[in-house]
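Both ligands and their constituent atoms are indexed starting at 1 by order of listing. Heavy-atom basis, side chains included; hydrogens, waters and symmetry copies ignored. Bear in mind that the values here come from a model prediction, so they are computed numbers and not experimental data.
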Amino acid sequence: MLLLLLLLLSPAITPAERCHPVDKAAIRKFKNSLPMWKLDRDCCDIFNCDQTTNRVIRLVLTNSNLAGTIPDTIGDLTYLNTIQFYKMPFLVGEIPQSVTRLKYLESFEINWTNISGNVPPFLAELKTVWTINLSYNNLSGPIQSSLATLPNLAKLDLSRNRLTGSIPESFGHLVAPYGLSLILSHNMLSGEIPESVGNTNFSQFDVSRNNLSGDASMLFGAWKDNTNFVDISRNSFEFDLSPVSFMTKELAYLDLSHNKIYGKIPSQIMEALELQYFNVSYNRLCGKIPSPWKLKYESFDNSSFMHNRCLCGSPLAQCK
Ligand SMILES: *[C@@H]1O[C@H](CO)[C@@H](O)[C@H](O)[C@H]1NC(C)=O
Ligand SMILES: *[C@@H]1O[C@H](CO)[C@@H](O)[C@H](O)[C@H]1NC(C)=O
Ligand SMILES: *[C@@H]1O[C@H](CO)[C@@H](O)[C@H](O)[C@H]1NC(C)=O
Ligand SMILES: *[C@@H]1O[C@H](CO)[C@@H](O)[C@H](O)[C@H]1NC(C)=O
Ligand SMILES: *[C@@H]1O[C@H](CO)[C@@H](O)[C@H](O)[C@H]1NC(C)=O
Ligand SMILES: *[C@@H]1O[C@H](CO)[C@@H](O)[C@H](O)[C@H]1NC(C)=O
Ligand SMILES: *[C@@H]1O[C@H](CO)[C@@H](O)[C@H](O)[C@H]1NC(C)=O
Ligand SMILES: *[C@@H]1O[C@H](CO)[C@@H](O)[C@H](O)[C@H]1NC(C)=O
């Protein structure tokens, strides 16, 4: 009872501010750059700070109408592990070079904003980073070959921008010790996939909806145990599917639709026992669909086989 009384009588205690002065100053400049942002609160109440150092480690801003550019002072938040800006349609301008000062950054995600300019080559200096997701922005220009030197890269998603040029040869020499999800869909990439890219340890490979051409068979191979997702649909790939062997262990998703792929569907596809999605429609394939189609999960819808030169057999019409 006495304790309660004491509590009631004691003056309102303002807890000491946790925000580190360096971070506070950096975020204040942020406020000038993003003028609609009211930032009167302790930065450690708004963002995640490390418990002992009180330095900001996660800078997350989502679903915000803040307008402006990313200020250079982002580079002063030296202990950042994660940057995530998501659904900020009025965030514009380029990625500032000062991000290269973030020596602990592991996850760099700016999705659904209007940042523009190139995917900067200096991102290759973010040696600790394992996720880069810059999807749904207004980025243009080529994919920098230097990105392939990132030693810990596990996810690179540059989908839904306006990127041009081809896939750099360097991506065939990427280390990818944890497997790489490379998502480049919905851009304006062209040219052929370099042969060397067949050596990369992909877990996911998605280049759908670009203007890529030539051979893509180097992506496949029964021995590629870690690849579970391949989508090369809606390009202009042109190669013989007959001699291709598919990954048998993890492959769950395979979309080859809307290309100019010819030859027949190899019966070896039956060994891909985890396959859940398979689509070869709108190509130039011919011959009998492997049967009986016994894949565990695949829905076996005839729309997965339609619009080819002369594919036949269940679920399409009988072969003549
Ligand atoms: C970019 O800005 C345009 C025009 O203001 C808007 O329509 C669009 O939704 C924005 N894009 C994103 C991904 O926020
Ligand atoms: C990247 O962000 C987009 C948009 O928010 C999301 O759909 C996608 O799954 C993310 N990519 C990866 C590889 O996590
Ligand atoms: C943005 O990208 C990250 C990293 O790939 C992804 O995990 C996340 O889902 C995306 N954001 C959202 C909210 O979709
Ligand atoms: C996208 O970037 C281009 C320049 O590359 C610019 O002209 C255009 O206004 C930007 N779009 C939006 C919606 O910001
Ligand atoms: C390839 O990636 C997988 C994870 O998907 C990993 O377990 C494996 O060690 C990697 N292999 C190589 C040779 O780096
Ligand atoms: C796609 O690439 C071909 C060359 O392979 C080129 O002729 C064509 O103009 C490109 N189409 C678009 C829409 O960029
Ligand atoms: C296969 O792809 C075609 C073309 O994009 C699409 O119309 C069809 O619905 C897809 N089939 C399945 C089973 O998703
Ligand atoms: C696909 O199957 C539907 C019924 O499931 C049928 O109406 C249609 O004619 C079939 N199309 C072809 C090309 O076999």
Side-chain angles (χ1 to χ4, degrees), residues 60-64 82-89 91 106-115 119 129-139 147-148 150-161 171-187 197-209 221 223-235 237 247 249-261 265 274-285 289 293 295 297-308 311 315-316:
V60 177
L61 289 170
T62 61
N63 294 300
S64 149
T82 300
I83 294 175
Q84 189 177 31
F85 297 152
Y86 176 68
K87 285 211 170 154
M88 297 177 67
L91 185 69
E106 292 184 351
S107 186
F108 186 54
E109 306 163 13
I110 304 183
N111 8 14
W112 288 92
T113 79
N114 260 312
I115 59 161
V119 176
V129 105
W130 62 274
T131 297
I132 295 179
N133 190 336
L134 301 174
S135 70
Y136 289 92
N137 291 301
N138 188 19
L139 298 167
L147 292 180
L150 285 168
N152 296 314
L153 196 61
K155 275 187 186 180
L156 177 62
D157 188 340
L158 304 175
S159 61
R160 296 185 190 256
N161 282 286
F171 277 76
H173 308 290
L174 205 131
V175 178
Y178 315 110
L180 177 68
S181 290
L182 183 66
I183 317 289
L184 303 173
S185 56
H186 286 86
N187 278 292
V197 165
N199 301 327
T200 303
N201 188 16
F202 287 114
S203 47
Q204 304 192 331
F205 185 88
D206 184 352
V207 292
S208 58
R209 293 179 192 258
W223 60 93
K224 295 186 180 183
D225 283 349
N226 300 306
T227 308
N228 61 59
F229 185 106
V230 178
D231 188 349
I232 61 167
S233 64
R234 293 179 193 263
N235 281 282
F237 289 116
M247 301 72 162
K249 202 169 167 200
E250 302 270 348
L251 189 65
Y253 191 102
L254 181 59
D255 193 346
L256 309 178
S257 64
H258 285 275
N259 280 292
K260 300 171 187 164
I261 300 167
I265 301 174
E274 297 302 316
L275 199 63
Q276 298 179 37
Y277 187 87
F278 177 80
N279 200 330
V280 293
S281 64
Y282 297 86
N283 275 295
R284 295 174 181 172
L285 295 165
I289 295 168
W293 192 266
L295 296 179
Y297 303 108
E298 224 288 292
S299 59
F300 202 45
D301 183 331
N302 67 12
S303 71
S304 293
F305 301 92
M306 285 189 309
H307 290 273
N308 273 282
L311 273 183
L316 301 178

Could you tell me which atoms of ligand 2, counted from 1 in the order shown, lie closer than 4.0 angstrom to a heavy atom of [X]?
| X | answer |
| --- | --- |
| Tyr86 | 5 (O) |
| Asn133 | 1 (C), 2 (O), 3 (C), 8 (C), 10 (C), 11 (N), 12 (C), 14 (O) |
| Asp157 | 1 (C), 8 (C), 10 (C), 11 (N), 12 (C), 13 (C) |

Partner of Asn137 under side chain to side chain donor-acceptor pair (under 3.5 Å), chosen from Asn114, Asn161, Thr113: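 Looking at Asn114, Asn161, Thr113, the match for Asn137 under the side chain to side chain donor-acceptor pair (under 3.5 Å) is Thr113.
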N or O contact, Ser135 vs ligand 2, cut-off under 3.5 Å: yes
Atoms in ligand 7 flagged as close to His258, the criterion being non-hydrogen separation under 4.0 Å: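 With His258 as reference, the close atoms of ligand 7 come out as 4 (C), 5 (O).
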Ser281 neighbourhood, listing ligand 7 atoms whose heavy-atom distance to it stays under 4.0 Å: 1 (C), 2 (O), 3 (C), 4 (C)
Is there side-chain contact between [X] and [Y], with at least one heavy-atom pair below 4.5 Å?
| X | Y | value |
| --- | --- | --- |
| Asn152 | Tyr178 | yes |
| Leu275 | Leu254 | yes |
| Ile183 | Gln204 | yes |
| Leu256 | Asn279 | no |

Side chain, backbone, both or neither: Arg234 near ligand 7, heavy atoms under 4.0 Å: side chain
Ligand 7-proximal atoms of Met306, by part, heavy-atom distance under 4.0 Å: neither
Test of proximity, Ser303 against ligand 7: N or O pairs below 3.5 Å: yes
Tyr282: partners by ring-ring contact (aromatic ring centres under 6.0 Å, His included), with sequence neighbours left out: His258, His307
Residues in ring-ring contact (aromatic ring centres under 6.0 Å, His included) contact with Phe202, at least two apart in sequence or another chain: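 In terms of ring-ring contact (aromatic ring centres under 6.0 Å, His included), with neighbours along the sequence ignored, Phe202 is linked to Phe205.
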Please give the N or O to N or O pairs under 3.5 Å between ligand 5 and the protein, distances rounded to 0.1 Å.
{"residue": "ligand 5", "atom": "2 (O)", "partner": "Gly179", "partner atom": "N", "Å": "3.2"}
{"residue": "ligand 5", "atom": "2 (O)", "partner": "Asn201", "partner atom": "OD1", "Å": "3.3"}
{"residue": "ligand 5", "atom": "2 (O)", "partner": "Asn201", "partner atom": "ND2", "Å": "2.4"}
{"residue": "ligand 5", "atom": "11 (N)", "partner": "Asn201", "partner atom": "ND2", "Å": "2.8"}
{"residue": "ligand 5", "atom": "14 (O)", "partner": "Asn201", "partner atom": "ND2", "Å": "3.3"}

Donor + acceptor pair across side chains of Asn201, Asn226 (<3.5 Å):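 Side-chain D/A pair, Asn201 to Asn226: present.
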side-chain hydrogen bond (donor to acceptor under 3.5 Å, both in side chains) partners for Thr82, two or more places apart: none
Parallel, tilted or perpendicular: rings of Tyr253 and Tyr277 (30°, 60°): parallel
